[in-house]
Each structure stands twice: as C-alpha cells, then as structure tokens.
Amino acid sequence: MLGILGGNKGHKIKGSLVIMRKNVLDINSLTSVKGVVGTGINIIGGVVDTVTAFASHISIQLISATKADGHGNGKVGKSTNLRGQVSLPTLGAGEDAYDVHFEWDSDFGIPGAFYIKNFMQVEFYLKSLTLEDIPNHGTIHFVCNSWVYNSKVYKTDRIFFANNTYLPGETPAPLVKYREEELKNVRGDGTGERQEWDRIYDYDVYNDLGNPDKGEAYARPVLGGSTLPYPRRGRTGRGKTRKDPNSEKTSDFVYLPRDEAFGHLKSSDFLTYGLKSVAQDVLPVLTDAFDGNVLSLEFDNFAEVRKLYEGGITLPTNFLSKISPLPVIKEILRTDGEQFLKYPPPKVMQVDKSAWMTDEEFARETIAGVNPNVIKILEEFPPQSKLDTQAYGDHTSIITKEHLEPKLGGLTVEQAIHGKKLFILDHHDYLIPYLRRINQTTTKTYATRTIFFLKSDGTLTPLAIELSKPHPQGDNHGPVSEVYVPVYEGVEAYIWLLAKAYVVVNDSCYHQLVSHWLSTHAVVEPFVIATNRQLSVVHPVYKLLFPHYRDTMNINSLARKSLVNADGIIEKTFLWGRYSLEMSAVIYKDWSFVDQALPNDLVKRGVAVKDPSAPHGVKLLIEDYPYASDGLEIWDAIKSWVEEYVAFYYKSDEALQKDPELQAWWKELVQVGHGDLKDKAWWPKMQTRGELVEVSTTLIWISSALHAAVNFGQYPYGGLILNRPTISRRFMPEKGSAAYDALAKNPEKEFLRTITAKKETLIDLTVIEILSRHASDEFYLGERDGGDFWTSDAGPLEAFKRFGKKLAEIEQKLVQKNNDETLRNRTGPAKMPYTLLFPSSEEGLTFRGIPNSISI
C-alpha cells in the first residue's frame, strides 16, 4: 500500500462517517420481549458499549481519483481509524456520526473512493462519509447505504465511490480498475451456496416454490425454461431436494444480496415480517380454532361479515397464549383480551354498506378498482376464442344480440361496436385448460365473459355474463355455457349477484397472480439483478433506476417463502390453488415489456386510440377512466424527467451504443433475466437515446405507479369479501333444484356458502391489510434517499426537483377531478374517490401514494 508522500504534510482532511448499529435494525430484537433493545456492540464475543471501542475497530483508506500509483491505479492513502462520536444536525433516528481525520498532501490529489474495514464480529450499516475542506475542491460526499461485515468474510476490501456520476468512458483513469473490479465482485462466479454477508447478484429459475421431499402434494413444477417460461429470480445456491434434483431445498435462511435486506428503523416498518408472522403465527391459531369448532365455519348473513369491522372475532384466551405478534400486526391482532381479530372497515363500505351490490359499482371497479387494466374493447361479435379447437372444441361465445340489445338504448350490436361502446372483461381462454383440474378440488367455478355498455353519462353497465364449464364428455366437446342478464327482483336477482361473484373471483385471481405478482413483482426482479451486475454504482443509468428497486428482492423472496409457495397463503385463499404460479407462467408467454408502457397498454386493449393532438398522445374511448387518465399524467411526468436525465449524459445515440456497461446490461437483461422470451421481436435494441428513455420510463412506471395502482387498493376494495371474493365453492343453482329453493329461502346464506369461506376470508383479510399499508420510512415518487447527495451533477438535481414539483401539481389536479360531479366513475355508488395514483401519502392504510419501488 502506498502511503501519502510529498510536501504540505501538515494538512488534515476532516471527515464524518454516519452509521447505524446492527441492533437498531435487527428484526430479532423486535421479536424479543423488550422490543428494540439498544445493547452494546459485540466485539470478539464480549459486550462493549463504548464509542472508543467501536471507533478503533473500523479503519478507512482514501483512494485518489486524480493521482495514480506506479500501475496506473488511484493512490491508496494510509489506514485511519475513526476518532470520537460527533453530533450532526442531519442525523436521523438511530444514526451515529464519528469523526475521522486523514493526512493529505497535494501529491495525493482528490479522493474519489475509499476502502473500509470492520474488525468487529458484528456488522454495521454504513450510511455515508463526508469529507470537508479538500483544498481547491471543497466537500466530497459518499452515499454508501450498505452493510459492512467483518473484513475476513470478504475476498476483497469493501470500496465506496464518491457521488460523482460517470459513463464508463469518462471515468477518471485512476478509478477505472476499481470500478471494473467492484462490478466483478458483485457478479460472483455462479457457484456455491451464498452466505448472509455476500453481495452477489445472480440468476436462477423458480425451483424453490415446492417441497417435494414433504410429499407429492407439495411438489411444484419449475418455472423458467421452455415449458413454463418465467422471469428469473435471485440465485441462492441452496442444495437440491432428495426427490427432485431440479428443485431447491427450502430453508429458514434464504439468501438475499445483503443490501437488499435493508433494515428498517421502526417496528411499524417491518411489514414484510408481519406477513411472515401471519404465516407462522396466525394461520396455526386460526386452523386450531376452526378444527376445534371454536369458530363456526361459515358466515350466515351479510351482517355477520360486517361484524368483522365492528366487533371482530373473539377467541378463548387459551388460544391467544400461542401467539406473540409483531408490532406491525398488533392493530389487527388483539392478544390482550378475548378479541383476536378486528379489521378496519374497508373504504368500499365506509359510506354505503351495500354499494358493492350495484351494477354500477361492479362495472366501475373494472376501470377504477384494484384491477383496472384488463377490460378491453369488444371488436367482434359474438366474442371468439383463440383456443385450439381440436383440443378444446368450439369456444365461441353463446351471447346473442337478444341478450344485449334491450339495454343498448336503441342501438344495434353492430352500431354499438362501431361506435366503440361495448367492452369485455374476458376471463375465459387462459382458464379453460386448467378449469377441469380446478373443479376437481373443493372449488367449483366457471370461465367468464362479461360485456359492458358505455352509457351516455360516461358510466359502464354490465349487459350479460357468460359462465362456461368443461363438457362432461371431454374438453374436445367444447364448454357447457349459460348466459345471465341483469335481474333486480326475486330469487333471480341473487342469481345475477352470483353471476357477478363468479366474474369477480376470476378477476381477483387474475389480479393477484398476473396483474400484481407477475406483471410487477416478478418481471422487475431480473432488472434489479442485471442493473447491479452490469452497471457500476457511478453509472448514470444505475443512479436513475436504483431507487425503484428498494426492497423488491426482499419482498419477492419472502413471497416465495410464505405467499406464493406450495400450500402457502395464496394457494390456500385463491381459487387457482396449486396451479396459481403455473398459470401465471402460461400467461407470461404472451407478456411483452413494450406493452407495459401505459399508452401502449391502453391502445393494445382498445380503450384508447393514438392521437398526436391529444394531451398524452392517446385519446381515451372511456373518457372518465380514472386509472388511465390519472396514469397518463404520471406517465408523462416520469417520461419528461427521464428524457432530461438521459439527454444530460448521452449527447448522441452513438455515445449510448459505445457504452459497454449499458450494452452489457441490456444484453444480459434480455438474454438471461427474461431469457425465455429473448427471441421476441418486440424487445428494443438499445441503440438510441429514445429507446433508453422508453425502457427506463416503462421500468419506473411498473415499479412505482403500476404497482401502486394494483397494490394499495387491495384492502380498500377487497377487505369486504362480499365485494372481491377469491374462491367459489359451488356451481350456480339450477331452476327446480334444491339449491335454487334454498337460495329463494335464504339468499344471503346461500351466497356466502358459494364464495370464500370464513377461515380463508380471515387469512385473506389479514394479509391484504398488511399489503395495502405504507411504511413510515417509505420514499415516494419524486423523492430520494440521501436528499440532494445522490449525484454531484447540478443539471440532474434541478431536473429531479422539477419532476417533484410536477407531481405535486398533478396531485392537485387529481383532487379537483375527484370534486367534479360530472365524472361519475371517480367516486361511484361506494362514494370512494379514486386516489390510488395520488403521488404522496402518510404511513398506514391510506388508499393513495406511489412509492418509488415495489417494497410490499
């Protein structure tokens, strides 16, 4: 190591290092009786709480960005220990600052990076280093946000770079080797089982959903590959199961690159651990209570469902001793008395408890609900199927003009189609190949097609619902179908309500597994991995995208362990059951990254047409379409910000083509991360700045606004199981049958016997209540962790401030829209204004707010 040579020896550079100690952030301390405990720091097995001991066990060496050693690499300065603790006005809760002094002379030049070594047994979270009074330079900021373990666990020393931003070709020569080496370290070599302290990003298929060693019922197919294509997940390197050499063993510890498992400071922010607690604590207690007949298995009427939000569920105290909830779910779980579960009233029933039963609310939720991006224009009549007729027979819809025309206000079906007034919610083709298998379990359901009419007042109304089930003589005979039209009196009114419920069950499953899990969580993970493997932390595109990855690998890893795994919460509480993820893989075959851009999605579904004269380049056919009209405002704001940012760093398309990191990133993302679809013609070629803008805008849109739109409405809409049932357990009663007579006698009871049962309802509500919350330390669109220090370039900082200002203006505009009574779809019969795409939010269950990333 080269020391610091030359004159001007007396000069010292002052620095301050900000860290958070592990015990502040450690989830294990939260589950202990005392809550967050500030014990001292564990050094070589003993407990020492002195600042001096901590400071003396951390050393730092500066690396020059301007002066090279004999090998052309930046000079490395002398090793320096931290001095004492200091207080800084900018310190956040749980943060400690230490001062550090470095010897400096002019021969060393300007620091551009530093090495840090930790000689303690316990890791700490390094927030930042700030160097002051660098001669002829001023202050240098290093934003670190990383866990630093004992130096012995690393093959090479931990390095951090100053907040300068460089394209590869513009990196100061003394830093080039350091930049390249750090990327190599993060890629790893693709072998071995990963350890807790590793920072390696690599790819694997979804071979960790099942547990074949536990029995055939727990085996699940591998997702990823030619049969069931899927986006890649982060590799853990765990061993394979005994019974299936292709499946990975389950384990309590699941590797994540260490900085992806960020420690949140407040217990209320352990939302992900709340989910874990549901799986480990709540489920067993509920199962015992139902198995032991302590709780009745069914709701008997709608009032009993509403009681969940008024009185809650009571359990004998001996059941409660089995559970010690984490703070995050203590609002739902009451273990201090007999009341075990109590849920906040979902927004959909806060004003009008029966609005969910209306046709207008049913229709409105296709454009302003939790799954607002599936409805399409109806362009052919009757609706056709793309299923192979040899295997499945004729699946052309049996809906006729006679079903529709009485409610078309004098129009014929042809005129309504020509006038772009008919829309379809189509849950048919993807379900048919699995329907027979699904119906062989305790669930009973139909493939559904629902046709809506756009009325002159701008609202949608359902005209007909087709329910189709497999033919008893075999799939090749086509389906057995029945069409239902609205009826509002007598027993047939409940038949119509049931028909809508079968539609919503399909929509709930598609929402959770495709619109939400696949189309946001799963498709983004390969981007997180590729970005970390191929783009240096000082690369402008890394800095642009990085905030939109926060906590995503963490929540996905947890989901594979507790939510979407074999016999996990989703399989237990949603109709698709054991086929849930497999069906999402079948649907992924037709996924296209380009179609995730909001304007492209709207045009593809035929709910908008391209129109260069329209404000966002597209004209909505349903003008009052809250998700689409609000989304286009947000989309445009993101795109303007990205355009400014890309133009700042890439002065020509050629500069982008010659950027080796960017090209390697895109190549790996397409060929490996989404490798099962790598031959699709729609992938952008990444040869122009326009393509980089479109790709980055789309990725930011998916991670922020799209996820917010399909996630944070889950409890507000689905917390009332009557409104968004997730399972159907019986077929439609036929006229003249005992089931039909029972429906006539006690319609509410029979309706409740058909949809999600009580136990599954309680599990579902507990989970979506957590999923619909914001953590208190969330960062929303237009905000960044680290304030203005994420880059040293003034141009992007100014552009980012304009972006934040634009989002605040959009929010005001959306508030005004919600006050416009002519826009009936914005509030609907439930009187719940559409706020899911308001950029800002408080913590908790707010039905608004766009976090930067998929963090829950």
Side-chain angles (χ1 to χ4, degrees), residues 358-360 362-368 372-389 392-432 446-468 478-488 492 496 499-500 502-503 506-507 595 599-611 613-614 618-625 627-629 824-825:
T358 65
D359 285 358
E360 187 179 337
F362 169 72
R364 184 185 83 93
E365 289 186 26
T366 64
I367 54 174
N373 55 349
V374 180
I375 192 170
K376 328 185 268 214
I377 192 93
L378 183 68
E379 291 181 308
E380 53 183 5
F381 191 83
Q384 302 294 310
S385 167
K386 292 191 171 77
L387 289 167
D388 174 10
T389 49
Y392 295 105
D394 184 2
H395 277 261
T396 305
S397 173
I398 62 163
I399 299 173
T400 63
K401 292 175 184 181
E402 288 70 27
H403 289 122
L404 307 184
E405 285 181 351
K407 292 281 182 76
L408 288 182
L411 296 176
T412 64
V413 167
E414 287 83 359
Q415 287 168 330
I417 286 176
H418 184 70
K420 301 193 184 307
K421 300 283 184 201
L422 291 180
F423 297 85
I424 184 168
L425 188 65
D426 193 340
H427 292 297
H428 185 93
D429 278 12
Y430 69 82
L431 198 50
I432 289 292
Y446 302 90
T448 59
R449 290 178 174 127
T450 311
I451 294 181
F452 297 91
F453 176 55
L454 180 61
K455 300 195 303 191
S456 55
D457 65 1
T459 65
L460 291 168
T461 191
L463 301 179
I465 292 171
E466 178 184 55
L467 304 182
S468 304
V480 176
S481 299
E482 192 76 45
V483 177
Y484 298 86
V485 295
V487 180
Y488 304 112
E492 288 295 319
W496 174 241
K500 290 191 288 183
Y502 290 115
V503 173
N506 285 342
D507 200 61
D595 289 339
N600 296 351
D601 164 59
L602 297 171
V603 170
K604 187 179 184 185
R605 289 189 288 118
V607 292
V609 288
K610 283 186 177 161
D611 179 356
S613 67
V618 294
K619 180 171 173 279
L620 292 174
L621 298 177
I622 305 169
E623 282 179 40
D624 178 17
Y625 186 162
Y627 162 74
S629 59
R824 288 183 51 174
N825 297 327

Check step by step if side chain to side chain contact (heavy atoms under 4.5 Å, CB included) holds for Thr448 and Leu467. CA-CA 5 Å; Thr448 59; Leu467 304 182; 3.5 Å; yes

Could you go through Thr459 and Asn825, starting from their C-alpha distance and side-chain angles, then the distance that decides it, and tell me whether this counts as side chain to side chain contact (heavy atoms under 4.5 Å, CB included)? CA-CA 6 Å; Thr459 65; Asn825 297 327; 3.5 Å; yes

Decide yes or no on side chain to side chain contact (heavy atoms under 4.5 Å, CB included) for Leu460 and Ile375, but give the supporting numbers first. CA-CA 11 Å; Leu460 291 168; Ile375 192 170; 4.0 Å; yes

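We find the CD1-CZ distance between Ile451 and Phe381 to be 5.5 Å, quoted to the nearest 0.5 Å. To the nearest 0.5 angstrom, Leu602 atom CG is 12.0 Å from Ile377 atom CD1. Annotation: the span from Leu463 atom CG to His403 atom NE2 amounts to 11.5 Å, rounded to 0.5 Å. With rounding to the nearest 0.5 Å, the separation of OG1 in Thr461 from CZ in Phe362 is 10.0 Å. Between atom CZ of residue Arg449 and atom CG of residue Leu378 there is a gap of 10.5 Å, rounded to the nearest 0.5 Å.
Atom NZ of Lys455 sits in a crowded spot, with more than 12 heavy atoms from other residues, nucleotides or ligands closer than 6.0 Å. Within a 6.0 Å radius of CD in Gln415, more than 12 heavy atoms belonging to other residues, nucleotides or ligands are found.
Between Lys421 and Leu408 the shortest side-chain heavy-atom distance does not fall below 4.5 Å. The shortest distance between side-chain heavy atoms of Phe453 and Leu422 falls below 4.5 Å. Side-chain contact between Phe452 and Pro462 is present, with at least one heavy-atom pair separated by less than 4.5 Å. Side-chain contact check for Lys407 versus Pro486: some heavy-atom pair is nearer than 4.5 Å. Using a 4.5 Å heavy-atom cutoff, the side chains of Val607 and Ile367 are not in contact. Contact check for Lys500 versus Ile465: side-chain heavy atoms found under the 4.5 Å cut-off. Residues Ser397 and Val483 are not in side-chain contact: their nearest non-hydrogen atoms beyond the backbone lie 4.5 Å or more apart. Within the 4.5 Å cutoff, the side chain of Arg605 has heavy atoms near those of the Asn373 side chain.
No side-chain donor-acceptor contact under 3.5 Å links Glu466 to the backbone of Ser481. Using a distance-only test at 3.5 Å, with no hydrogens or angles considered, a donor-acceptor pair links the side chain of Gln384 to the main chain of Pro382. In terms of modelled atom types and a separation under 3.5 Å, the side chain of Asp624 and the main chain of Arg824 share a donor-acceptor contact.
Using cut-offs of 30° and 60° on the angle between ring planes, the pair His428 and His395 is perpendicular. Ring geometry for Tyr627 against Tyr625 counts as tilted: the plane angle lies between 30° and 60°, on a 0 to 90° scale.
With 3.5 Å as the limit, one finds no donor-acceptor pair spanning the side chains of Thr358 and Glu360. Inspection of the Asp429 and Ser385 side chains reveals an N or O donor paired with an N or O acceptor under 3.5 Å.
Glu405 and Val413 make their closest contact through OE2-N, 2.9 Å (heavy atoms, listed as atom of the first residue, atom of the second, distance). The shortest heavy-atom contact between Lys420 and Leu454 is O-CD2, 4.5 Å. Ala608 approaches Leu620 most closely through the heavy-atom pair CB-CD2, 4.0 Å. Nearest heavy atoms, Ala464 versus Ile399: CB-CG2, 4.2 Å. Minimum heavy-atom separation, Ile398 to Glu482: CD1-N, 4.1 Å.
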